[in-house]
Protein chains: 2
Amino acid sequence: MARTDTRFRQSHNAMLDMLSTLPLGAGLPSEVQLAAQLGVSRTVIRAVVQKLGADGILQGSGREKRLTRLPKPKDRLSLREDYIGRDELEARFLDWVLRFDVPAGTALNITQLARQFTVPPHALQEFLASLGQSGLIERRARGGWRLLGFTADYAVELSEFRQVLELNAIRAFTALPKEHAAWTALSKIRAEHLELLDRIDRDFHDFSRLDGRFHSLINSVVSNRFVAEFQKVISLIFHYHYQWDKTMERYRNEAAIREHLTIIAALQDRDTLSAEARARGHLATSKETLLSSMRGHHLA
Amino acid sequence: MARTDTRFRQSHNAMLDMLSTLPLGAGLPSEVQLAAQLGVSRTVIRAVVQKLGADGILQGSGREKRLTRLPKPKDRLSLREDYIGRDELEARFLDWVLRFDVPAGTALNITQLARQFTVPPHALQEFLASLGQSGLIERRARGGWRLLGFTADYAVELSEFRQVLELNAIRAFTALPKEHAAWTALSKIRAEHLELLDRIDRDFHDFSRLDGRFHSLINSVVSNRFVAEFQKVISLIFHYHYQWDKTMERYRNEAAIREHLTIIAALQDRDTLSAEARARGHLATSKETLLSSMRGHHLA
DNA sequence: CATTGTGTCTTTAATGATAAAAACCACTGG
DNA sequence: CCAGTGGTTTTTATCATTAAAGACACAATG
């Protein structure tokens, strides 16, 4: 077979919903308008309109198409809820790799994985290719893929790379002019840190998200697409790691918040050297936590 | 249809070559040996052997297969020279993007490009996906790809990113222990610089390659897969850029060699600050050259 | 009886055919 | 001349098909 007609089915049902709000005998909007409204091409609209005509819901041709009967629930087309999107796939895949210790060097089976993640094999193939640069995956010489795995080596190198980027961002931050919007954002996120510190006993889980936002604020002052791209990978990995290392979570998070605050203070003092040193320290503990949580995870 | 039988055809011909060296009536090596020798699976070997049997070149079965007649030129299978490899594709694609000013935002047509580069559409798809992280290409919402293009913005950000990585490498370099192999390599490449300087009038074209090797030596002391990955992209882009900017090439290259030498000297003195400053300067001129060459290219 | 080799069968991924969707163009009624 | 529609061409996502790889069991040979 060929392409799925998911788009047609969805549009068909959306059109039924739209028609239900119209009075009997009302004229139909133009195809271009409908297409814009549903966010699909005219071709799909035309296919839908034709089907509605055949089902006796619409009548007439050309510009004279009118609603002849209200659609019934029965007219709806069933659409099998399949295929997940790219982001969902990314999340599930990383979850699979990071949560279950898939051993390094495992040969990946396209067909099987595609079934497992309910995506067409083709989509998985493309996804794996796009992951190529992240160093988690390798193309084998004569077909197939190999998972290089989320090893300790990988974590160390990732952390080091993160440090290089982030220290650079710190240096850039202190050089910003006073009126730059980042300073306001920094004050704001400082307040959020203090506020979370107040209710840390209860809401320490909220830190993961705050951490992500803090680091992405720091890096946002370096407007560079390569940095941004890597930042995505890094925050993804660290985000997942937060999800499975539960030991000492409350205390770890509180300590991290305090480290963040010292970095923020140094930045606000425009003390480049101090900020750099603080950030270095923070990133080092972060790396240690990542590594120790990996060890714990392997023993489990 | 399905997979091409290129591997079968190649193996068939290779086998003919091999048989030509044997005397008539000689016994055949085992399938496993043959497979190892030709670097293919046993399945292919078996298919080939069966065909050779049908063509009367081999006779017998099981372990008793013997050469009954020498292969003639006519026995060779023709193989259409198609499909280029991945590296070749990468080279051709970048060449196409960088050499002809493909305007930013162009929608890429898979089928057409696949024909143009003589690869199966599928392979192109995968290639484009793998380029996703490099920021040259974007997936459009509902199918298709868009070329973001090698714009001035892109070049600036690439250069800045390169600078971040390379300054970090410089700092790491000066911290290396005396007996590290990189010092020997540095002395060696210094000699090569001096040697090229002697014959610069004639061989200034050789600089492009030397430049690549110099920068990759600097970066090699940071053993980090992410750095290495990006280094590949960077050197690719700079390599191509060298190919089309011919203005002042001789003088540019001579100046660059001298800059390299000052960096090397500072490194050998273990003078971190000086080395960093020199490298900063060199990378700045490199960036300027890249930008100016792009401007010149656009006007052409 | 261990080792090496072959025959058979299963699994897997690359490819072309194909259908869905998008884009294009020409025509028509107002 | 413009908004809208009908017809047609392009183009991409999906699927069936087939080459190739690999696994397993049995046979032969020393």
Side-chain angles (χ1 to χ4, degrees), chain A residues 1-12 27-36 38-50 60-65 82-83 86 107-115 119-126 128-129 139-145, chain B residues 1-12 27-36 38-51 60-65 82-83 107-115 119-126 128-129 139-145:
Chain A
M1 254 215 284
R3 271 177 172 236
T4 59
D5 55 356
T6 315
R7 190 157 295 146
F8 167 77
R9 285 161 178 274
Q10 279 176 343
S11 304
H12 180 91
L28 205 62
S30 84
E31 291 176 357
V32 184
Q33 283 177 310
L34 288 171
L38 299 185
V40 293
S41 80
R42 259 186 66 212
T43 309
V44 178
I45 296 295
R46 290 173 60 187
V48 169
V49 167
Q50 189 164 32
S61 68
R63 303 181 190 204
E64 265 311 308
K65 297 198 195 84
D82 19 283
Y83 298 163
R86 203 221 117 103
L108 296 179
N109 181 329
I110 292 277
T111 339
Q112 184 193 314
L113 279 180
R115 263 199 305 276
V119 290
H122 195 256
L124 189 79
Q125 182 103 352
E126 188 181 315
L128 290 180
R139 197 94 173 82
R140 282 194 305 171
R142 262 204 291 300
W145 302 81
Chain B
M1 257 217 281
R3 275 177 168 236
T4 59
D5 55 355
T6 315
R7 190 157 295 146
F8 168 76
R9 287 161 177 273
Q10 279 175 343
S11 305
H12 180 91
L28 205 62
S30 84
E31 291 177 358
V32 184
Q33 283 178 307
L34 288 171
L38 299 185
V40 294
S41 77
R42 258 187 66 215
T43 310
V44 177
I45 296 294
R46 288 172 58 86
V48 169
V49 167
Q50 189 164 31
K51 166 122 180 76
S61 67
R63 304 185 186 200
E64 265 311 309
K65 298 197 195 85
D82 21 284
Y83 300 165
L108 296 179
N109 181 329
I110 293 277
T111 339
Q112 184 193 313
L113 279 180
R115 263 200 304 277
V119 289
H122 196 258
L124 190 77
Q125 185 103 350
E126 189 182 314
L128 290 179
R139 197 92 171 83
R140 282 192 306 169
R142 263 203 290 301
W145 302 82

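Protein chains get the first letters and strands the later ones, always in sequence-line order, with residue 1 at the start of each. For clarity, every value in this text was computed on a predicted model and none was experimentally measured.
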Shortest non-hydrogen separation from [X] to [Y] and the atoms involved:
| X | Y | value |
| --- | --- | --- |
| A/S11 | A/V48 | CB-CG2, 4.1 Å |
| B/I45 | B/V40 | CD1-CG2, 4.0 Å |
| B/P120 | B/A114 | C-CB, 4.3 Å |

Rounded to whole Å, how long is the line connecting atom [atom1] of [X] with atom [atom2] of [N]?
| X | N | atom1 | atom2 | result |
| --- | --- | --- | --- | --- |
| B/L128 | D/dA13 | CG | P | 11 Å |
| A/I45 | C/dA20 | CD1 | P | 17 Å |
| B/E126 | D/dT12 | CD | P | 17 Å |
| A/I110 | D/dA21 | CD1 | C1' | 15 Å |
| B/L113 | D/dT10 | CG | P | 17 Å |

Seminar exercise, completed: Comparing nearest nucleotides in DNA chain C, the 5'-proximal residue of the pair B/V32, A/W145 is B/V32
For this session: Select from B/E31 and A/G144 the residue whose nearest nucleotide in DNA chain C is closer to the 5' end of that strand.
Result: B/E31
Using a 4.0 Å heavy-atom cut-off across all strands, classify [X] as base, sugar-phosphate, or nothing.
| X | answer |
| --- | --- |
| A/L124 | nothing |
| B/L28 | nothing |
| A/R115 | nothing |

For this session: Side-chain contact test, heavy atoms from C-beta onward, threshold under 4.5 Å: evaluate it for A/W145 versus A/R139 and give yes or no.
Result: yes
Exercise. Tell me, do B/L108 and B/I110 make a side-chain contact under 4.5 Å, heavy atoms counted?
Worked result: no
Quick one: [atom1] on [X] to [atom2] on [Y], what's the gap to the nearest 0.5 Å?
| X | Y | atom1 | atom2 | result |
| --- | --- | --- | --- | --- |
| B/R46 | B/E31 | CZ | CD | 5.0 Å |
| B/R115 | B/L124 | CZ | CG | 12.0 Å |
| A/D5 | A/R3 | CG | CZ | 11.5 Å |

For this session: May I ask you to evaluate whether B/Q125 reaches the phosphate of D/dA13, defined as a side-chain N or O under 4.0 Å from OP1 or OP2?
Result: yes
Exercise. Is any side-chain N or O of B/N109 closer than 4.0 Å to OP1 or OP2 of D/dT10?
Worked result: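 Answer is no, no contact under 4.0 Å.
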Exercise. Where each residue is assigned the nucleotide of DNA chain D containing its nearest heavy atom, which of A/S30 and A/A123 is assigned the position nearer the 5′ end?
Worked result: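 Between the two, 5'-proximity favours A/S30.
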Identify each atom pair where a protein N or O and an N or O of nucleotides 27-30 of chain C are less than 3.5 Å apart, giving names and distance.
from	atom 1	to	atom 2	distance (Å)
C/dT28	O2	A/R63	NH2	3.4

Dump every N/O contact between nucleotides 21-23 of chain C and the protein below 3.5 Å, one line per pair.
from	atom 1	to	atom 2	distance (Å)
C/dA21	OP1	A/T4	O	3.3
C/dA21	OP1	A/R7	N	3.2
C/dA21	OP1	A/F8	N	3.3
C/dA21	O3'	A/R7	NH1	3.2
C/dA22	OP1	A/R7	NH1	2.9
C/dA22	OP1	B/R142	NE	2.9
C/dA22	OP2	A/S41	N	3.0
C/dA22	OP2	A/S41	OG	2.6
C/dA22	O5'	A/S41	OG	3.4
C/dA22	N7	A/T43	OG1	2.5
C/dA23	N6	A/T43	OG1	3.4

For this session: Tell me, please, which residues at least two apart from A/Q10 pass side-chain contact (heavy atoms from CB on, under 4.5 Å).
Result: A/T6, A/L79
